[in-house]
Amino acid sequence: MHRVLTTLGCALTVVLATAWSAIPSPEPARPTTTVRTHDGPVRGAAHDGYRTFEGIPYAAPPVGRLRWAPPRRAAPWSGVRDATRPASACPQPAGEVPGGSTDEDCLHLNVTTPDSAGPARPRPVIVWLHGGGFTTGAGNSYDAHRMATRGDAVVVTVNYRLGALGFLAHRGLPGSGTFGLADQQAALHWVRTEIGAFGGDTHNVTLAGESAGGYSVCAQLASPAAVGLFDRAIIESGPCTGRPDRPFAPSSVPLNAARAAGADLAAKVGCGSARDVLACLRRVGVSRLLAAQDTEQQPAHTTPLLPSDPAAAIAAGRFHHVPVLIGNNHDEGNGWAAGIVQAGHPVSPDTWPDVVAAFFPSPGQAKTIVREYPVHRTDGGPVFGAVIGDADFACPTARAEGLLAAHVPVWRYEFADEHAPPVTSGTPPFPLGAPHASELPYLFDLGRRPRDLTAAQHRLADTMIDYWTRFARTADPNGPSSPHWARQTALSLAPDHIVPTRTAQPRHHCAFWNALG
């Protein structure tokens, strides 16, 4: 039952992604613009008030002997490189990327910057790491022009290796379990070196991400190899104290567990008994690897890049001491609960104990959770969603805030628009409220489609972009045009109702979860 629920949850991650998968034809071309990088000049596209540069390589293609190798520098090019269209997404099953991808030449990034007329001082830089459970996603799914123009910032979106190609671990393989994280660091090195040519401030870089991207930010906070690569951090729905033993929270796993998963993958594709397992694996086609990889993927800790679990590192104060903006959504778990209910697993008073036991095998824990979250009707989906959201997002986020705030300035939010535009197609079995990923349309045009927001929601989106970009500029989200955001409490973000809330922890049963462990 646990594996069924986990698989359904990971499948829902793909369903969530399909809400922004269809990318329409590019708008009519406007005059192009050229920027010179150390590797060669790139020609981007000029739009109404902003410029985009897409598909810029920040590392060499990880193919052949570079499959499962640390990222290498991209080869320079002669002539002007076309950067008016996105490059391929990293290999992944169908979902956010229509039809999926099998192209390993994917280590590219995209830059969005306000038009050339700008301030005398360089602009703050926001580097965005996409979510998708470390198995799906692409940087070009996130059209960042609103954040760039309203916030007067340079925004960089990044592709990094995913799935088994990004996180395979094997004895004797340098970089085991952390290739995707190493890619992110290579992109940050590129930003420090190159972003000045695009008008960005090389000394003011904010690393930001949502879901797996948020967990990635946590990992980079804890990684000694990321020292000096970023100056602030934004973590959306990826709490640094999440637990890998629970579904829907892809934080990190010990290296020995990652190696066991790698051995299973090798056996599935016929390389388990090969004389040279890695050479055999490097000859396996991408499609076959994608079909054989586990639905769950996490980076490995107890590794050179990530010496300890980020949760442990942050609890001990062993992380990069930079200001942090962190938060979660009010109804984070409802999307997964709805997907599982629609897949034929209804939650009722009779089935509820078995559903809980699938997540918490300890009989004592399961019984305690059933008592804390009783189901009285046949429609127990929202109760199930509350358990997922409270246990894996809301309470770990509150705990992470407390641990981080002992060392650095921290601002915490809770996105609470109960009428947020749906991020899935179809009609859910119950109202989802503000589920996982529902804040993203307020910051980006997903799949390059204009956001379908009411006037009040547009005002909230503008306010959120103001908070995010002011934080990137000054390490403080506050400004004269927005409600004051105090560091002592979470800020609830809802249309025309942006208020501090001191009830988040009781509402999410955090005392219960903290005691449960």
For the residue pair Phe384 and Ile340, establish whether any side-chain heavy-atom pair is separated by less than 4.5 Å. yes

Taking atom types as modelled and ignoring hydrogens, do the side chains of His509 and Glu372 form a donor-acceptor contact shorter than 3.5 angstrom? yes

Just by modelled atom types, is the Thr501 backbone N or O under 3.5 Å from a matching donor or acceptor in the Ser492 side chain? no

Describe, in one word, how the ring planes of Phe134 and Phe167 are oriented to each other, choosing from parallel (under 30°), tilted (30 to 60°) and perpendicular (over 60°). perpendicular

With sequence neighbours excluded, what pairs up with Tyr442 under the ring-ring contact (aromatic ring centres under 6.0 Å, His included) test? Phe415

Salt-bridged, Asp294 to Lys268, with N to O below 4.0 Å? yes

For the residue pair Tyr50 and Thr112, establish whether any side-chain heavy-atom pair is separated by less than 4.5 Å. yes

Is there a side-chain contact (heavy atoms from CB on, under 4.5 Å) between Val125 and Val127? Walk through the geometry before answering. CA-CA 6 Å; Val125 181; Val127 178; 4.2 Å; yes

Verify, without hydrogens or angle tests, whether Ser438 (side chain) and Pro435 (backbone) share a donor-acceptor contact under 3.5 angstrom. yes

Going through the checks in order, is the side-chain contact (heavy atoms from CB on, under 4.5 Å) test met by Val387 and Ile369? CA-CA 8 Å; Val387 169; Ile369 294 166; 4.3 Å; yes

Where do Leu446 and Pro441 come nearest, in terms of heavy atoms and distance? CD1-CG, 3.9 Å

Once rounded to the nearest 0.5 Å, what's the spacing between atom CG of Leu165 and atom CG of Leu289? 5.5 Å

Mind checking the CG-CZ spacing from Asp183 to Arg161? Nearest 0.5 Å is all I need. 4.0 Å

Between Gln457 and Asp452, what is the shortest heavy-atom contact and its length? OE1-O, 4.3 Å

Between the side chain of Arg232 and the main-chain N/O of Ala208, is any donor-acceptor distance below 3.5 Å? no

Spacing of CD belonging to Glu96 relative to OG belonging to Ser101, to within rounding of 0.5 Å: 11.5 Å

Got a salt bridge between Arg507 and Glu414, using NZ or NE/NH1/NH2 to carboxylate O under 4.0 Å? yes

Go through the steps for Val322 and Phe230 under the test side-chain contact (heavy atoms from CB on, under 4.5 Å), then give the verdict. CA-CA 8 Å; Val322 300; Phe230 57 98; 4.2 Å; yes

dist Leu453:CG -> Asp462:CG (nearest 0.5 Å) comes out at 9.5 Å

Test Ile126 against Val156 for side-chain contact (heavy atoms from CB on, under 4.5 Å), laying out the working first. CA-CA 6 Å; Ile126 299 173; Val156 180; over 6 Å; no

Are the side chains of Ile498 and Trp485 in touch, meaning some heavy atoms are under 4.5 Å apart? no

Nearest 0.5 Å please: distance from the CG atom of Asp445 over to the CG atom of Leu440. 12.0 Å

Can you name the one residue among Leu109, Asn110, Asn140 that meets side chain to side chain contact (heavy atoms under 4.5 Å, CB included) with Thr157? Asn110

Rounded to the nearest 0.5 angstrom, the SG-CG distance for Cys106 and Asn159 is 6.0 Å

Is there a donor-acceptor pair closer than 3.5 Å between any side-chain N or O of Thr474 and the backbone N or O of Phe471? no

Are the side chains of Thr368 and Arg371 in contact, using a 4.5 Å heavy-atom criterion? yes

Please give me the minimum heavy-atom distance between Val341 and Gly381, naming the atom from each residue. CG2-CA, 4.3 Å

His330 side chain to Asp417 backbone, donor-acceptor under 3.5 Å: no

Got a salt bridge between Asp476 and Arg470, using NZ or NE/NH1/NH2 to carboxylate O under 4.0 Å? no

Tell me, do Phe512 and Asp390 make a side-chain contact under 4.5 Å, heavy atoms counted? no

Ignoring hydrogens, what is the shortest heavy-atom contact between Arg123 and Thr113? Give both atom names and the distance. NH1-OG1, 4.2 Å

Mind checking whether Tyr413 and Glu236 have side chains closer than 4.5 Å, heavy atoms only? yes

What pair of heavy atoms forms the shortest contact from Pro124 to Ala472, and how long is it? CB-O, 3.8 Å

Given 3.5 Å as the limit, does a donor-acceptor pair link the side chain of Asp231 with the main chain of Val205, or not? yes

Do you see a donor-acceptor pair shorter than 3.5 Å between the side chains of Gln297 and Thr135? no

Do the non-hydrogen side-chain atoms of Thr136 and Val97 ever get within less than 4.5 Å of each other? no

Salt bridge check: are Arg85 and Glu54 linked by an N-O gap of less than 4.0 Å? no

Please check: side-chain N/O of Trp411 versus main-chain N/O of Tyr467, any donor-acceptor pairing under 3.5 Å? no

Okay, side chain of Thr469, backbone of Ile465: is any donor-acceptor separation there less than 3.5 Å? yes

Taking atom NE2 of His497 as the centre, report whether more than 12 heavy atoms of other residues, nucleotides or ligands fall under 6.0 Å from it. no

Can you give me the closest heavy-atom contact between Glu439 and Glu210, atom names plus distance? OE2-CG, 3.3 Å

Specify whether His436 and Trp336 have parallel, tilted or perpendicular ring planes, treating 30° as the upper limit for parallel and 60° as the lower limit for perpendicular. tilted

With a 4.5 Å heavy-atom cut-off, do Asp392 and Glu332 have their side chains touching? no

Thr52-His145 side chain donor-acceptor pair, cut-off 3.5 Å: no

How are the rings of Tyr160 and His130 set relative to one another: parallel (under 30°), tilted (30 to 60°) or perpendicular (over 60°)? parallel

